[in-house]
Each structure stands twice: as structure tokens, then as C-alpha cells.
Amino acid sequence: MCADTPEYKDTLNLPETDFPMRAGLPKREPEWLARWERIGVYDKLREKEGRVPFVLHDGPPYANGHLHIGHALNKVLKDFIVRSQQMLGKDARYIPGWDCHGLPIEWKIEEQYRKKGKNKDDVPVIDFRQECRKFAEGWVDIQRDEFKRLGVTGNWADPYLTMAYHAEAVIADEFMKFLMNGTLYQGSKPVMWSPVEKTALAEAEIEYHDHKSHTIWVPFRVVSGAEGDLAGARVVIWTTTPWTIPSNKAVAYNPKIAYGLYRVEATEEESWTNAGDLYVFADALAEDALGKSRVTEFARLRDVTGDELGALTLSHPFAGIEGADGFWDYEVPMIDGDHVTDDAGTGFVHTAPSHGVDDYECFVKRNWLTRMTHNVGEESEFLPHVPFFAGLQVFDRKGKEGKANNAVIAKLVEAGGIIARGRVTHSYPHSWRSKAPVIFRNTPQWFAAIDAKLDDGMGDLGDTIRGRALRSIDELVEWHPKTGRNRLYSMIEARPDWVLSRQRAWGVPLTCFTKKDTLPTDADFLLRNAEVNARITAAFEEHGADVWYTDGFKAQVLDGIANPDDYDQVFDVLDVWFDSGSTHAFVLRDRADGAPDGIADVYLEGTDQHRGWFHSSLLQACGTKGRAPYRNVVTHGFTLDEKGMKMSKSLGNTIVPEQIVKQYGADIARLWVAQADYSADQRIGPEILKGVADSYRRLRNSMRFILGNLAGFDDSARVEPADMPELERWVLHRLAQLDHKMRTGYDAFDFQGVFQALFNFCTVDLSSFYFDVRKDVLYCDGDDSLERRSAQTVLDILFHRLTTWLAPILVFTMEEIWLERFPGDDSSVHLVDIPATPADWLDEPLAAKWAVVRHSRRAVTAALEVQRTEKVIGASLEAAPVVHVRDAEVLDILKSVAFEDVCITSALTLTGDPSPNEAFRLPEVDGIGVVFEKAEGEKCQRCWKIQPDVGTHAHPDTCARCNDALG
RNA sequence: GAACCUGUAACUCAGUGGUUAGAGUGCGCGUCUGAUAAGCGCGAAGCCGAUAGUUCGAAUCUAUCCAGGUUCACCA
């Protein structure tokens, strides 16, 4: 190299771009968001004509609190679907929604009241509801901003809210369809009840404290179904709630437990048992129970099997008792129940279906709901019809023990219905608010009968809600992943009737009236009148559901139709799942941008929604539309920390979207979603995010290379594929393959597959092969070189494919890249479609040929690596290897391509001569040997290839190609 | 407790009865210095959660166990 060698660098076509290597996403993303808002990208897409609508119906998040990672995952997945379907040619609409009613918000407002020393019960219900509404509104605004920041597109200006007046009107209207079609009925069900506040409580309102309870062992006499010695025996139960004994309706056992028949042989002086008494216990607990009963000696006579127990009928301990007027003279069946254990008690569970959840479930399963008792009132007092105990309370108005328990125990003693008693301190539910203990108490509730025959003209799939739901699952819906089908199917198959009512304030009321002095079983119990319903709906449209609570509303809607004094207005509110289950009506059906047939193409939520929104939407729609409101159900798993553990504040392993957006940018959060298998539980944490950011940088640099080498390229330089070198046509072939992969992947919601294919392509095919090989041509060839123009044409094609293929995922970065090439006020990658790929790009024979080329190349690069390690060469251009090829066919292939260019060497000799012993061989590349030679000649100061002719041309220190290029 | 799901390199994932289990990332080493807070090459790294079966043969099928997750609520 001489001092007078010209500086040739300036004569090269080196990459030129302002596109920065480092993204600065957290700072720049908001600018693009503002730009899309200004252009009105979402609305502009709606103006495109002649497109088939595609509707992903948004499952509404609850308007309460900042977004967590699960929200981000969910909305980003939805965004992938909406954007990819749009760019594949559909009109993909997306109306975000929010669930606004419900206990958690009610609770927050109550909490504010408590801080101010106010009491919810002193506030007019409408005022309370207004505060809930304001609270929800506030969070809708916050969450909307947080979702938008993640790059999620949609009709954010006009989302749907379950508390909008129209929504409330439709929810009531949908409810009244159940009223009119006969599936609505009043029943009862045990709930946690606070006698102090006289209200039902949710689990969230319960805290557990130690509580000292009575314990009693109560024998139930066998009256029938027994063989031999069992006939004279008594089955002993144990309970900590003596007050529920008057409401006993069954005794439960578990066939998996070992039971025995025991005879008392001797007792202490003071004992409620006598020698000769026969009792049945679980073997594991017999000794304990007999000891407590002051039995000093006993004998185990024999096993008692589950079958024997199941056949027994018992009598209530108060059966035949004087003064009860036969109140307890009913049969007490033995029932089997999985909830029965032999950890504590006797192995038999006293079952009062009105005062225990397990007990109730057992009765529901057996269809015994008519056997429910109604013995205990709002203040935990026995109702007037209960002999001996009427008026006695379990807990008084301050939450202290009332007289009920002791009265029941005293009566049991009197009736000989107790063999032992004691006290136990155990964890017991208390009201969060009053700290007073609660009871399970059955309360009137409204149900939708899901097995009732419907005569509504929508019987294509069956004439019951359950039947239609089950057939919808199998015949009308695709499940992604498939396991979702089984999950929902078995739930629907087994579920009891839908409890629609909640004794709450913030929700849509059950808009119905009951006739005074009638029973729920009477035909005229419920007022069913279309005109009344229409008035209610109209009033809700105008004023919202609050109007239900205004004075005189009953009189107003019943005016001229029924006498208001004859009817009671129901003030329960609907289960919020009924609200969200009705979104298909007030969104898909009623909105101009809803679905043409009122059925969504996709519902997408977490797997927990099998019991939630998928479930309630299905039941609701089967009752009102006769079928499922969706065609595809996509579910995603939960997001765990890096070790696969649940995120929790106490573990300090939580990651919130805001944090990712601040540190890395929303595109990184989105890329994390794309690279994860969302159908299972995913993990996230610092290391994983760092990995995602690394992948992002790699991809970004590939795009930067494309941009840099397209500088100055214009369409006049474009080359037709037929005229391109094989290497370029091979890239087109790969693009055709990827186009297929990408379209099928997006249609199957397989974003991981799409991203992995594209990312692999960028690193393996482009960065380390095509780009590396073509750098020479791109940098050094003259402007009119066919090879260079071909490469640029391919880069241009790559640009259009990669930006649009990735635009649904990396919404910000692809826009940045797009604008780098196509600046302009209204320009946006999100306004264009994914380009069609000509069928003739696919060229399998060519691909097979180039697979051989690349395979052979590996042997050469590996051979060079040996010399590099030995410090013989640095750059591969210093080499001119001799490649011995055994197979003539392979030799022909390699000879037909510029193999030295492919291997990035200055020269390369191909020969069919046998490989000499010293030749380098790679075990996995059979039949190729490489003999290393250094390239001969001088280094061209322009292209750095070492060629014999360098220095013989007009331009000093150049090779022939460069000399020509310099002109 | 019950039902269901998941478990393959440090990380994200392929691989569903058939040679020594793959890819990308990361890591280590080398190299280039005209993609440069980049690019290229090479390399190390896995008892395929554990155990026991079925089979000529198991990451793959079966059972049990372990770990983690989801669901069983007037919570959304």
C-alpha cells in the first residue's frame, strides 16, 4: 500500500441510512402514537371498501386498578389478531370494552366511606351507584391510556361499557327474555350471611379468626334398610354448629372410609350412653368419640360397608318429640359424599342443605331442592314456625353468642339425642366489616333453569340452554388450543342452574315484579308483560338503570297494566357475568361496527374464562339467540415469573407492563408476547426480557442493513426475477415459503411460529449468508451492474415483506422503518396490506440445488477457520482454497455458481480429483475435502479481494472489476 | 381435597415410537474493522422433572410420584 493510493472508500456504495442502530423506544413510541392518532389510522382503515368484516370481540377487563402483565398479554394478542387479519385483507374491527358493575368497585367506594366514617347503608342507593359509576369511569380512562401505550389499535374513542345506558337497557332486556321464556325462577341457596349487617357476604369480605364453638356428638337412630344387628344401631354425627341440627335433612358418609359397628360395654357413671348401645363410627375416630362419650369399654363387632350405609334410613333426633307437632318426623337418608373425611368427628357429616355449601351441593345433585329448610331468619333467629326455638338467635346483634346453640343442646339432652359435647377453638369466618362471626344461611335467589324446555323458535341446536350450549361447543366453535373444548364442555355438562341474583347495589337490577301473597311455584308469581318490559327498557335507555331505584318507578311502569300495590319490586342486581355475557347483544348486534350476524369471529381470553366469560356468554346467548355468540375461542395461559412461580407482591417477583414500557419500550413487551407459547403458561423476568431485547436488536440491525443498501434505489433499476442471479431467486423462493408460513400462521393465531420463522430467516438466511455474500456486489459493483440491481431489487422486496409481516407485532419499529423509506404526512405501514407473492417465486429444484451449495460451503468456512486459528489468515478474502468434490453431480452444481463469492474468498478452485490426505474434511459434509491455499496477487484497495491482476489497470491498486466500476 | 394443564441446553422454543436429541439467543474463543455499542466463523453446554412398566427400540406410550400453574366463591 503506497502513500499515493487514492482513497477508494468514497467510490463504494456503502450503506447509508439515518435509521439508528439503537431504538430509544421508550422515548420515541409516544411520538408515533400521536402521529397515528393525528392521521386517524383506525378510522382510515374502516374506509377501505369491499372487505370482508372480521370481528374480534373484546372480553371486557374490570375497570379497577392499573394494568398487570396479564392484561398486556391479552390485549397484545388481540392486537396481533386484529392487525394481521386487517393486513391480510379483511376489515378487522375492534371495539374495546370494560366491565363496570360489581362488588370490587362497590367495595372500594365502601372503603372510602369507612375512612370518612360514613356508613353505606345511610347513603341513598342512587348516590352510592353514582359514586361507583364515577370510580369506574376514572379507571376506564386510565386503563385506556395504558392499553394505547402498548400500541393496541381499536375504536378507543368509542369503546363499550357495561354501565352505558344502552348497555344497561339491553342487559335488562336480555334478562327479561329469561323472564318471558319461563327459565327464570326463584329458589334458594346457602350463602355467607352476616347476622350483624343483615347481608350476604362475598369471600373477599370474609376474614378468618379463631372462634370457640360447641361440639356435639349426635346419634341418629336407624329406622329402616338395615340387616340384623345394624337395625338397632345409631349412626353418630359430629358438628360444631348445634343450631343447624333442627335443619338436618340427611347424614353423609364416604364409601372410601372404613366404618365399624361398635357396642358399648361399660361407661363412667355420668354418661349419656349405656352398656349395650350400638353405634356406627369411622374406625379411625371411634375410640376418640367413645372416649368423649365417657365409654370405658367397648367392642368392635364388625365392618359396616358403604353399601350397607347407603341403604339406611335414619330418623331425626327430635322425631316424635312431644310439643313439636311432628315437625321433625321425616326420614333422614344416608347419602354418600366425597367431602366427608375421617380427620375429625365421626366419619359422618350432619347435612343441613340450607346451611352448608357441600350440603347444598349434595342436594342439588340429587334434585332434592324441595327439601331445603327455611328455619333461620336475617338476624340468625329461628323463624316462628320452628318449634321450641322460634326467636332464638345464633348470634345477637353485636355478634355475641345467642341462645340458639344452648337451647338446641338442651333439647337434645332431653330427647336423648346426644352422647357427648365439648368446646373447640377453630378458624371461623368473620365479617371483614363488623368482625362478627357469620353463618351459612339459605336465602331466596333467582335462577335461570338451564334444563327447562324452551319454545322460542330457536331450537335448531336443542330446546334447552344446556343442550344448545353443548351442541354449540361441538358443532359451531373452533377451540384454540383444542383442550379448551373439553374444559368448557365438562363444565357446562355438570353445572347447576345459573344463580342470576346478587344482594348488591352496583349492577343492573333484576327487572321483575312478584305478586304479593303468592308462592314462587304459583303460575302468577312473576309478572310477565311485554308492555311493562318495554317501558322498563325505554326508561333505562334514557336514564340508566338508576331509574329502577327512583320513587314511584314501580307505579309508573305498571300504570294501567297492574295494580302496583299487588306487586313487589325485586331489588337484587344481576350477576355481573350476566352483564358481560350480554355484550354480544349490545355490541355485536347493536353497533354499526359490530358483527353483521351478531356473532364474533373470535373471543380471546385467559384459560380462567372457561368458567367466566366464555361460559356466561355461551349460556346467555343460548337462552336468547339459541347458539354460541362466537366461532373461535382462543385461550392463553397465565404469566409467571422467571422460575415459573406465580407473581405476587410479597415475593417481589412482579413485572408490570408500565415497567417494561419504561425500560425497554412497548415493542419489546409485544415481542415477548410473540416469542412465547401463549397457549400454556408463560414466564417473564429480567433475564427473559433481556433476551427479547437482544433478539430485537438483531432484527433491527438486519432491517438497518436493508435500509442502508436501498439508499438511492429507484424502480427504474428494478430487475425481473427471471433475469436475476440464482442466489437472488433463491431468496425469492424462501420468501414464497415464508409468505405461506406467515399467512397460515396468522390465520391459526400462531404468532410464535410466525415470529420464529421470520427471525430465523433474518439471522440464518439473510444476515449470515445472503447479506454476507452480497456485500461485495452491493458495495463494490458499478451502479448499472445487473447483479447489484438484482440484489437491490431483492432488498426492496424484502423490505416490503418484512415490514408488513412484522407490522402486527412490532407496530412501532416497523412504522419507523417504513417512514425511513416512505416519509410523508399520511404515510404508515399500518395502512397497507401484506403484498401478494407471485406463485412462480417458488422454485423447489433451485432450493434443492442451493441446499447443496450451502452445505458444501460449511466445509470451506470450517477449513478457513482452522487457518484463522493458526493465524495464517484473518479475513476469508486472503484465501483461495482448492475444493475436492467426490460426486460429479455436486461438482457440477458448485461449478455452476460463483462458489468463491458464496464462500467469500478471493479465488477458489473446484476439482474432481480425490482429496489428498492433508485436506480438511468436515464429518457432516461427506465427499468434500478442502486444501488451503493463500490467494495470489495483491489486495485490491477498493474491494479488498486479492487478485493477480491488481496493479495492472488504469486506476492504481485495483482489480479489473473495480477499475471498470471507477470508469 | 378434586378436576384439568405444564415440565427438552442458562433463556425462548422445535422434535410424538427408530442412527450419536435440534434451532435461535446468550456464553466462551477467534476474526474483521466498509452493518462497528454492529458483522462473520468455530466451540462448550441436555440422566428430554423422577421412578417403574410396555416395546427389539421411549423425550415420544402407560402408571405412580415430584415441582409449578389454573379452576372449583355474591371476585372479575
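Lettering follows sequence order; numbering is per chain, from 1. The model shown is predicted, which means the values in this text are computed figures rather than measured ones.
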Problem - Chi angles and distances behind the side-chain hydrogen bond (donor to acceptor under 3.5 Å, both in side chains) call for A:His101, A:Arg504 - result: CA-CA 10 Å; A:His101 296 128; A:Arg504 294 285 166 185; over 6 Å; no
Practice task
Could you walk me through whether A:Asp781 and A:Arg961 pass the salt bridge (Lys or Arg N to Asp or Glu O under 4.0 Å) test, one step at a time?
Solution key: CA-CA 7 Å; A:Asp781 270 17; A:Arg961 184 257 312 245; 2.7 Å; yes
Exercise for the section: Test salt bridge (Lys or Arg N to Asp or Glu O under 4.0 Å) on A:Arg854 and A:Asp765 and set out the steps. Expected result: CA-CA 10 Å; A:Arg854 287 190 72 182; A:Asp765 291 334; 2.7 Å; yes
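The side chain of A:Thr861 has B:rG41 as its nearest neighbour among B:rG24, B:rG41, B:rU70. Taking the side chain of A:Asp694 as heavy atoms from C-beta on, and the options B:rU12, B:rU25, B:rA10, the nearest nucleotide is B:rU25. Distances were taken from every side-chain heavy atom of A:Asp608 (C-beta onward) to each of B:rC42, B:rU71, B:rG68; the shortest belongs to B:rU71. Checking B:rG68, B:rA14, B:rA23 against every side-chain atom of A:Met645, the shortest atom distance belongs to B:rG68. Listed candidates were B:rU25, B:rA14, B:rU70. Nearest to the side chain of A:Phe759 is B:rU25.
Using atom P as the reference point in both B:rG15 and B:rU60, the two lie 15 Å apart (nearest Å). Taking atom C1' on both nucleotides, B:rA2 is separated from B:rA9 by 36 Å, rounded to a whole Å. Nucleotides B:rC42 and B:rG49 are separated by 33 Å at their C1' atoms, to the nearest Å. A gap of 13 Å separates the P atoms of B:rG26 and B:rG41, to the nearest Å. Taking atom P on both nucleotides, B:rA59 is separated from B:rU8 by 15 Å, rounded to a whole Å. B:rA73 and B:rA14 have their C1' atoms separated by 41 Å, given to the nearest Å. Only the C1' atoms considered, B:rC48 is 15 Å distant from B:rU20, to the nearest whole Å. If you take atom C1' in B:rU51 and the same atom in B:rA67, they sit 15 Å apart, rounded to whole Å.
OP1 and OP2 of B:rG41 both lie 4.0 Å or more from every side-chain N or O belonging to A:Gln867.
At a threshold of 4.0 angstrom between heavy atoms, the contacts of A:Val764 are confined to the sugar-phosphate backbone, with no base atom among them. Within the nucleic acid shown, A:Glu642 has no heavy atom closer than 4.0 Å to any nucleic acid atom. Using a 4.0 Å heavy-atom cutoff across all strands shown, A:Trp577 reaches at least one base atom of the nucleic acid. When heavy atoms are screened at a 4.0 angstrom cut-off, A:Val576 is found touching the sugar-phosphate backbone but no base atom.
If you measure from atom CG of A:Leu758 to atom P of B:rA23, you get 20 Å, rounded to the nearest angstrom. Note: CG (A:Leu640) to C1' (B:rA67) measures 13 Å, nearest angstrom. Here the C1' atom of nucleotide B:rC13 and the CD atom of A:Gln675 are 9 Å apart, to the nearest Å.
Across every strand in view, B:rA2 sits in a pair with B:rU71 that passes the Watson-Crick or G-U test at under 3.5 angstrom. With both pairing distances under 3.5 Å, B:rG7 is matched to B:rC66 as a Watson-Crick or G-U wobble pair.
In this structure, A:Tyr779 and A:Phe705 have tilted ring planes: the angle between them lies in the 30° to 60° band.
Ring centers of A:His480 and A:Phe749: under 6.0 Å apart, within the cut-off.
With a 4.5 Å cut-off on side-chain heavy atoms, A:Trp479 and A:Arg487 do not count as touching.
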Fill in the blank from the handout: In B/S/- notation (B base, S sugar-phosphate only, - none; protein heavy atoms under 4.0 Å), nucleotides 27-38 of chain B written 5' to 3' is ---SSSSBBSBS
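Comparing A:Arg857 and A:Gln682 along RNA chain B, the residue whose closest nucleotide (by nearest heavy atom) sits nearer the 5' end is A:Gln682.
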